[in-house]
Amino acid sequence: MNSTTTKIIVSIMNVLFWIIFIGLCIESGAIIVNYFYSVFINPEATYNLYNKLDLSLLYKKDILRYHIIMSSYVILSFLKAFIAYRVVKLFTFLKFDKPFNSKSTKYIFDISYFTLTAGIFSAVAKSQATFASHKIQNVPIEWNTEEMLFFAGLIYIIAVIMQRGTEIQEENDLTV
């Protein structure tokens, strides 16, 4: 691939990540507004939360577990938006003429840590939702635990490769 094609693909990816980031921010806002509306204004809203999610029976029978699941849903959506923000921010200083630098490497490590945190948090939330599904009401929230943990590992491997590339590039800069 030539450099013009690479620049076009990177520009398209940058626009796509901006769209994803904005979409995740909107989703996070919608989830938190629905959650607070159902708790403070109208408990009947638990019948039709974000994405037609119905947790009304859970709200009536175990309000603590309802708060745990919904707050987990809010936190996880914010974590996903924050990870997308970090990727968008990475595009602002990633230079393809010298891609291996300590700042981009640190950012990629940070993205892998945040993704791992989201994956672990998702696993805990999924276990709460599974318990509620067996005892009270089906909780049809897609937690994506396995995907997040997989991508955390994949991004970590890329960060390690970037770190080694940075070390080699710094050695070459010193010897020239």
Which donor-acceptor pairs under 3.5 Å do the side chains of residues 149-158 make with protein atoms, sequence neighbours left out?
none

Determine all donor-acceptor pairs shorter than 3.5 Å in which one atom belongs to a side chain in residues 31-40; sequence neighbours excluded.
residue : atom : partner : partner atom : Å
Asn34   : ND2  : Ala30   : O            : 2.7
Tyr35   : OH   : His67   : ND1          : 2.8
Ser38   : OG   : Asn34   : O            : 3.4
Ser38   : OG   : Tyr35   : O            : 2.7
Ser38   : OG   : Tyr66   : OH           : 2.6

Inset, instruction - Hey, could you give me the CD1/OG distance between Ile83 and Ser112, rounded to the nearest 0.5 Å? - result: 10.0 Å
Inset, instruction - Using the test side chain to side chain donor-acceptor pair (under 3.5 Å), find all partners of Ser122 that sit at least two apart in sequence or belong to another chain. - result: Thr145
Legend entry - Separation between OG of Ser104 and CZ of Phe109, rounded to the nearest 0.5 Å: 11.0 Å
Inset, instruction - Decide side chain to side chain contact (heavy atoms under 4.5 Å, CB included) for Tyr50 and Tyr73; before the verdict, give the C-alpha distance in whole Å, the side-chain angles of both, and the deciding distance to 0.1 Å. - result: CA-CA 10 Å; Tyr50 180 73; Tyr73 196 29; 3.8 Å; yes
Legend entry - Ile9 side, atom CD1; Leu16 side, atom CG - distance, nearest 0.5 Å: 11.5 Å
Inset, instruction - May I ask you to decide whether Glu142 forms a salt bridge with Lys126, counting only side-chain N to carboxylate O separations under 4.0 Å? - result: no
Inset, instruction - Only counting residues at least two apart or in another chain, list the ones meeting side chain to side chain donor-acceptor pair (under 3.5 Å) with Gln163. - result: none
Inset, instruction - Would you give the length of the straight line joining atom CD of Glu170 to atom CD1 of Ile168, rounded to the nearest 0.5 angstrom? - result: 11.0 Å
Legend entry - Hydrophobic cluster identity match, Trp18 and Phe91, side-chain contacts under 4.5 Å: yes
Inset, instruction - Start with the C-alpha distance between Thr166 and Thr105, add both sets of side-chain angles, then the distance that settles side chain to side chain donor-acceptor pair (under 3.5 Å), and finish with yes or no. - result: CA-CA 8 Å; Thr166 302; Thr105 301; 2.9 Å; yes
Inset, instruction - Determine which pairs satisfy salt bridge (charged side-chain N to carboxylate O under 4.0 Å, His left out) with at least one residue from residues 61-71, sequence neighbours left out, and list them in order. - result: Asp62-Arg65
Inset, instruction - Please list, chain by chain and in numerical order, all residues satisfying side-chain contact (heavy atoms from CB on, under 4.5 Å) with Ile8, sequence neighbours excluded. - result: Thr4, Ile12
Inset, instruction - Show your working on side chain to side chain contact (heavy atoms under 4.5 Å, CB included) between Gln128 and Val139 and close with a plain yes or no. - result: CA-CA 10 Å; Gln128 288 294 317; Val139 180; over 6 Å; no
Inset, instruction - Sequence neighbours left out, what passes salt bridge (Lys or Arg N to Asp or Glu O under 4.0 Å) with Lys106? Give chain and number order. - result: Asp110
Inset, instruction - Could you label the plane-to-plane angle of the Phe114 and Phe82 rings as parallel, tilted or perpendicular, counting under 30° as parallel and over 60° as perpendicular? - result: perpendicular
Inset, instruction - Report whether Phe78 and Val87 are members of the same hydrophobic cluster (ILVMFWY, side-chain heavy atoms less than 4.5 Å apart, transitive linking). - result: no
Legend entry - Side chains of Pro140 and Leu53 in contact at under 4.5 Å (non-hydrogen atoms): yes
Inset, instruction - Can you see which heavy atom on Ile69 is nearest to which on Ala129, and at what distance? - result: CD1-CA, 3.8 Å
Legend entry - Results of salt bridge (Lys or Arg N to Asp or Glu O under 4.0 Å) for Glu147 - residues two or more places apart only: none
Inset, instruction - Report the distance from atom CD1 of Ile136 to atom CG of Leu58, rounding to the nearest 0.5 Å. - result: 5.0 Å
Inset, instruction - Using side-chain contact (heavy atoms from CB on, under 4.5 Å) as the criterion, list what pairs up with Ser72, not counting sequence neighbours. - result: Ile68, Phe121, Ala125, Trp143
Inset, instruction - Flag yes if Phe21 and Val10 sit in one hydrophobic cluster, no otherwise; membership is Ile, Leu, Val, Met, Phe, Trp, Tyr, and two members link when side-chain heavy atoms are under 4.5 Å apart. - result: yes
Inset, instruction - For Lys80, check salt bridge (Lys or Arg N to Asp or Glu O under 4.0 Å) against everything at least two apart and list the hits. - result: none
Legend entry - Shared hydrophobic cluster, Leu90 / Leu116 (ILVMFWY, side-chain heavy atoms < 4.5 Å): no
Legend entry - Nearest heavy-atom neighbours spanning Ala118 and Leu76: O-CD1, 3.5 Å
Inset, instruction - Find the distance between OG (Ser28) and CG (Leu79) and round it off to the nearest 0.5 Å. - result: 9.0 Å
Legend entry - side-chain contact (heavy atoms from CB on, under 4.5 Å) partners for Asp54, two or more places apart: Tyr47, Ser56, Gln137
Inset, instruction - Using side-chain contact (heavy atoms from CB on, under 4.5 Å) as the criterion, list what pairs up with Lys103, not counting sequence neighbours. - result: Phe93, Asn101
Inset, instruction - Without swapping roles, check the side chain of Thr46 against the backbone of Tyr59 for a donor-acceptor pair under 3.5 Å. - result: no
Inset, instruction - Report yes or no: is the cationic atom of Arg86 (NZ for Lys, CZ for Arg) closer than 6.0 Å to the six-membered ring centre of Tyr107, at no more than 45° off its axis? - result: yes
Inset, instruction - Identify whether Val124 and Val74 are in the same connected component of the hydrophobic contact network (ILVMFWY, side-chain heavy atoms under 4.5 Å). - result: no
Legend entry - Considering all heavy atoms, the nearest Ile161-Phe100 contact: O-CE2, 4.4 Å
